[in-house]
Protein chains: 2
Amino acid sequence: MTRGTTDTRASEPRTSEARQRLLSTATQIFYADGIHAVGVDRIIAEAKVTRATFYRHFPSKDDLVVTYLQEVHQMDRGAITAAIAAHSTAADSLLAIADTIAAGIKRPGFRGCAFLNAAAEFPDVNHPVHQQIIAHRQWFLDTLTTLMAQVAEDSSDAAARHFVMLRDGAMAAGCLFDPDLVVDTFMRGIEGLVRIHGQREQATQ
Amino acid sequence: MTRGTTDTRASEPRTSEARQRLLSTATQIFYADGIHAVGVDRIIAEAKVTRATFYRHFPSKDDLVVTYLQEVHQMDRGAITAAIAAHSTAADSLLAIADTIAAGIKRPGFRGCAFLNAAAEFPDVNHPVHQQIIAHRQWFLDTLTTLMAQVAEDSSDAAARHFVMLRDGAMAAGCLFDPDLVVDTFMRGIEGLVRIHGQREQATQ
DNA sequence: CGAACTTTAGACCGAACGTTCTACCCGCTA
DNA sequence: TAGCGGGTAGAACGTTCGGTCTAAAGTTCG
């Protein structure tokens with residue numbers, strides 16, 4: 001339905017059974033095992049799809065990788081938007097975002113940040129995959145900067161960068177060390193950061 | 001010389017011209033372009049060595065990867081040992097280590113932490129490469145914990161983990177964002193951490 | 001019905017992968 | 001002088017890689 005020929009956004013078979021199976025399978029496998037390490041053969045096998053079907057929906061493996069990261073980006077975006085919407089103050093939103101990150105690290109099968117992992121495999125700055133990574137990180141930093149500015153205008157950029165740095169460290173270490181300890185260290189750092197940054201507000205106003 | 005037959009540590013041709021060329025070439029290429037992305041062909045070509053020579057010195061590519069990480073580990077170890085030896089107080093040593101990390105991030109061609117990058121490509125915990133990563137990180141954490149304990153016995157574990165988290169975040173972001181800003185954020189965080197942790201000493205003693 | 005589209009099944013491509021092999025050369029030392 | 005180890009040179013192994021192609025079956029809908 002709504003696939004009428006006169007529809008302005010016609011000729012886009014966005015969701016097809018096979019395409020969706022392909023993408024969700026790729027998302028799982030790429031995240032769990034890395035990108036260069038898994039071939040097209042394995043993805044189409046586990047998605048129960050033929051090679052021809054794969055190349056009908058994705059021009060190349062690289063395109064699938066980009067789409068995979070877009071998928072993860074949408075997930076992250078959704079989770080963070082929800083965390084912000086559920087709280088009235090910016091400080092609470094920041095803590096809720098930290099909670100979301102902490103929950104992710106504790107989840108079984110956690111394998112770090114999909115974007116940091118991809119960056120390790122795609123160092124070429126001009127590569128579409130790398131640019132996807134940069135774009136995601138810029139969005140995340142901007143989101144945090146806006147929230148930090150609502151807590152205290154002063155040095156909100158530095159505070160947001162500090163938040164991102166703790167997050168990156170926690171995400172990187174989360175699958176290389178006891179996740180509980182990592183989350184503990186992370187949450188202490190974030191709470192301290194938000195508190196200190198909040199005190200600036202009272203001092204300057 | 002000192003390669004006599006009666007020498008107790010004989011029969012170890014540790015350093016051979018070709019082997020060293022092979023290892024240093026692999027170190028550069030693996031760090032710059034990733035591990036799965038580069039083949040044996042390219043390494044032996046750039047090292048100007050034949051395939052047979054490669055397999056004379058390394059049983060497999062995986063062994064070369066492990067040796068590569070051991071090489072980087074020795075470099076890190078050397079730099080940090082030197083930083084500690086050059087300062088009389090533990091607090092100064094910690095700041096010197098941070099300086100070393102900051103200098104690395106600013107260096108052209110910086111491509112993040114070799115171990116974090118390798119971890120992204122070798123998720124299997126039982127894989128020798130992954131275990132090499134774990135071992136390196138444990139050594140680093142232990143080193144920092146010892147120094148933190150010299151600054152203040154109380155909660156030195158948490159302080160060391162905090163240091164590592166900031167380092168991981170800085171190393172991860174250093175090649176995805178303006179390195180100067182990353183280093184700035186990192187150094188502020190470390191200075192604050194060391195200061196706060198140092199104040200604990202006066203409070204408890 | 002018949003046209004258009006999606007998917008299946010699988011053969012096929014050239015290239016690159018990690019690895020093994022034979023054959024010969026060279027410099028060392030026993 | 002003979003032997004041995006490290007090196008070169010290059011062919012070859014079987015497998016997997018990403019990607020293309022053909023032919024046939026199933027679905028949807030005008």
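In what follows, every heavy atom counts, from backbone to side chain, and hydrogens, waters and symmetry copies are set aside. Here is the naming used below: chain letters follow the sequence lines, and residue numbers restart at 1 for every chain. None of the values given here were measured: they were computed from a predicted structure.
Side chain to side chain, B:Q138 and B:D142 meet the donor-acceptor criterion of an N or O pair below 3.5 Å.
Within the 4.5 Å cutoff, the side chain of A:F163 has heavy atoms near those of the A:I97 side chain. Taking 4.5 Å as the limit, every side-chain heavy atom of B:V182 sits out of range of all side-chain heavy atoms of A:R161.
If you measure from atom CZ of A:R21 to atom C1' of C:dT8, you get 11 Å, rounded to the nearest angstrom. In this structure, A:I43 places its CD1 atom 14 Å from C1' of D:dG19, rounding to the nearest Å. Going from atom CZ of A:F58 over to atom P of D:dT20 covers 15 Å, rounded to whole Å. Atoms CG (A:D63) and P (D:dG18) sit 14 Å apart, rounded to a whole Å. Put simply, CD1 on A:I44 is 11 Å from P on C:dA9, counting in whole angstrom units.
The 12-atom threshold is not exceeded at CZ of B:R77, counting heavy atoms of other residues, nucleotides or ligands nearer than 6.0 Å.
Residue B:T50 places at least one side-chain N or O under 4.0 Å from the OP1 or OP2 atom of D:dT8. Between B:H57 and the phosphate of D:dG7, there is a side-chain N or O to OP1/OP2 separation shorter than 4.0 Å. Between A:T53 and C:dT8, a side-chain N or O to OP1/OP2 separation shorter than 4.0 Å is present.
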Practice item. Starting at the 5' end of nucleotides 16-25 of chain C, put B wherever the base has a protein heavy atom under 4.0 Å, S where only the sugar-phosphate does, and a dash everywhere else. Key: -SSBBB----
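The aromatic rings of A:F140 and A:H136 lie parallel to each other, their planes meeting at an angle below 30°, with 60° marking the opposite boundary. In this structure, B:F122 and B:H36 have tilted ring planes: the angle between them lies in the 30° to 60° band.
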